[in-house]
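These notes concern the structure reproduced below.
Labels below follow one simple rule: chain letters A, B, ... track the order of the sequence lines, proteins then strands, and each chain is numbered from 1.
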Amino acid sequence: MPELPEVETVRRGLTDLVAGCRIKSVEVRYQKMINLSADDFNKALVGRTIDKIDRRGKYLLIRISGGLTIVSHLRMEGKYDVEPEGTPVGKHTHVIFHLMDGRQLRYNDTRKFGRMNLVDTGNEMTVAGLKTIGPEPTESDLKLDYMVKIFGKSRKVIKPFLLDQSNIAGLGNIYADEVLWMSKIHPEQPANTLSLDEIKILRKNIINEIQKAIAGHGTTVHSYSNAYGEAGSFQNQLSVYGREGQPCLRCGTPIVKIKLAQRGTHFCPACQIVHGDKDD
DNA sequence: ATTTGGTCCTGCCGGC
DNA sequence: TGCCGGCAGGACCAAA
């Protein structure tokens, strides 16, 4: 479920809760979750320390002493929590890291879409998804000339284009709808027909929106929670996502919901109009 | 090469 | 109430 701001919130939570902790053993209850056998995964991690947690796009990079990294992707519903030993284990708990201090770091995932890959640190980029990941949506990493270049060569409509992590890392279904609404760009506008001004505005809105969402500890819809089990607050600041039929906050026109590339897509049919090409 | 569609999973909600 | 289709903040992979 989580997009970049939610993953960053989880990263910070995990850092506070388990950085520096030593692993007693690892229990894997759903084999498909990991890239090794349960036994090999456990053997590689026993006695090692969780040094720190990094992030790249929506991927958590859990740094383990001895030169290992667990690349963890939460996909739709993955969640971490920390419980004392003995707390009843839910049916959606798939991996349990038993810590020396008596606590457990648990990975829960209702739909079992999440994945963990244990690799040698430095080989993260061999994990599918990280191989081709695009720049972070920040002022320093997301360069305007890069955007102009990649937008210019794709005829794909903008909404699925923004969801493609190889173009820009970190945007998901909610923030893609939000930044397009803010930028007054129709979700079906082909990427290569955006004007330079539109690309500039979109870039600024992406960077600002992600930053603000991180500051608000992410967006909570459905049952998402961070490593503290807390809900984020940013859902109170959403302008179009989940607002089908409600008035556009700019012009009052009811927000429309359509399906694009299998994903629910919200937009204002009055503010966000498809135009012909970049010379308009 | 680029783009689309099916697939992985489970639970919930609305409609009949 | 019970059943069923549709949907869910993601991304890989095969196929067009």
Taking atom NZ as the centre, does Lys184(A) end up with more than 12 heavy-atom neighbours from other residues, nucleotides or ligands that are less than 6.0 angstrom away? no
Lys/Arg N to Asp/Glu carboxylate O, Lys24(A) vs Asp101(A), below 4.0 Å: no
State whether the side chain of Gln31(A) and the backbone N or O of Ala38(A) hold a donor-acceptor pair below 3.5 Å, judged by distance alone. yes
Give me the distance, rounded to whole Å, that separates dG11(B) from dA11(C) when you measure between the P atoms they each carry. 22 Å
Give Lys91(A) one of three labels, base, sugar-phosphate or nothing, depending on what nucleic acid heavy atoms sit under 4.0 Å from its own. sugar-phosphate
Measuring from the side chain of Thr110(A) (C-beta onward, heavy atoms only), which nucleotide among dC9(B), dG11(B), dG10(C) has the closest atom? dG11(B)
Can you tell me the distance, in whole Å, between the CD atom of Glu77(A) and the C1' atom of dG10(C)? 11 Å
Between C1' on dG10(C) and CD on Glu6(A), what's the gap in Å once rounded to a whole number? 13 Å
Whichever of Arg263(A) and Lys259(A) has its nearest DNA chain C nucleotide further upstream toward 5': Lys259(A)
Closest listed nucleotide, where the reference is the side chain of Gln165(A) and the choices are dG10(C), dA11(C), dC12(C): dA11(C)
Base, sugar-phosphate, or nothing for Phe161(A), non-hydrogen atoms under 4.0 angstrom? nothing
Rounded off to whole Å, could you give me the CE-to-C1' distance for the Met116(A) and dC8(B) pair? 17 Å
His73(A) side chain near dG10(C) phosphate (N/O to OP1/OP2, under 4.0 Å): no
Starting at atom CG of Leu4(A), determine the distance to atom P of dA11(C), rounded to an integer number of angstrom. 11 Å
Whole-Å distance separating the OH atom of Tyr30(A) from the C1' atom of dC9(B): 7 Å
Applying the 5.5 Å / 30° rule, does Phe113(A) stack onto the base of dA11(C)? no
Among dC7(C), dC12(C), dT3(B), the one nearest any side-chain atom of Lys156(A) is dT3(B)
From C-beta outward on Ala128(A), which listed nucleotide comes closest to its side chain: dG5(B), dC12(C), dC7(C)? dC12(C)
Across the strands shown, which category fits Arg155(A) at heavy-atom distances under 4.0 angstrom: base, sugar-phosphate, nothing? sugar-phosphate
What is the distance, to the nearest angstrom, from the CG atom on Asn173(A) to the P atom on dC7(C)? 13 Å
Tell me the interatomic distance from Asn108(A), atom CG, to dG11(B), atom C1', rounded to whole angstroms. 15 Å
Interatomic spacing from CZ in Arg115(A) to CG in Asn35(A) - rounded to 0.5 Å: 11.0 Å
Take atom CZ of Arg111(A) and atom C1' of dT10(B), then tell me their distance rounded to the nearest Å. 7 Å
dG6(C) -> Watson-Crick or G-U wobble partner, both distances under 3.5 Å, gives dC12(B)
Could you check which of dC7(C), dG10(C), dC9(B) has an atom nearest any side-chain atom of Lys58(A)? dG10(C)
Backbone N or O of Gly264(A) within a donor-acceptor pair of the Asn173(A) side chain at under 3.5 Å? yes
Taking 4.0 angstrom as the limit, do Asp54(A) and Lys52(A) come out as a salt bridge? yes
With both distances kept under 3.5 Å, what pairs with dA11(C), Watson-Crick or G-U wobble? dT7(B)
Among dC12(C), dC9(B), dT3(B), which nucleotide has an atom closest to any side-chain atom of Lys32(A)? dC9(B)
If you check the Ser154(A) side chain, which of dA8(C), dC12(C), dT3(B) turns out closest? dT3(B)
Look at all strands and tell whether Lys153(A) reaches a base, only sugar-phosphate, or nothing, counting heavy atoms closer than 4.0 Å. nothing
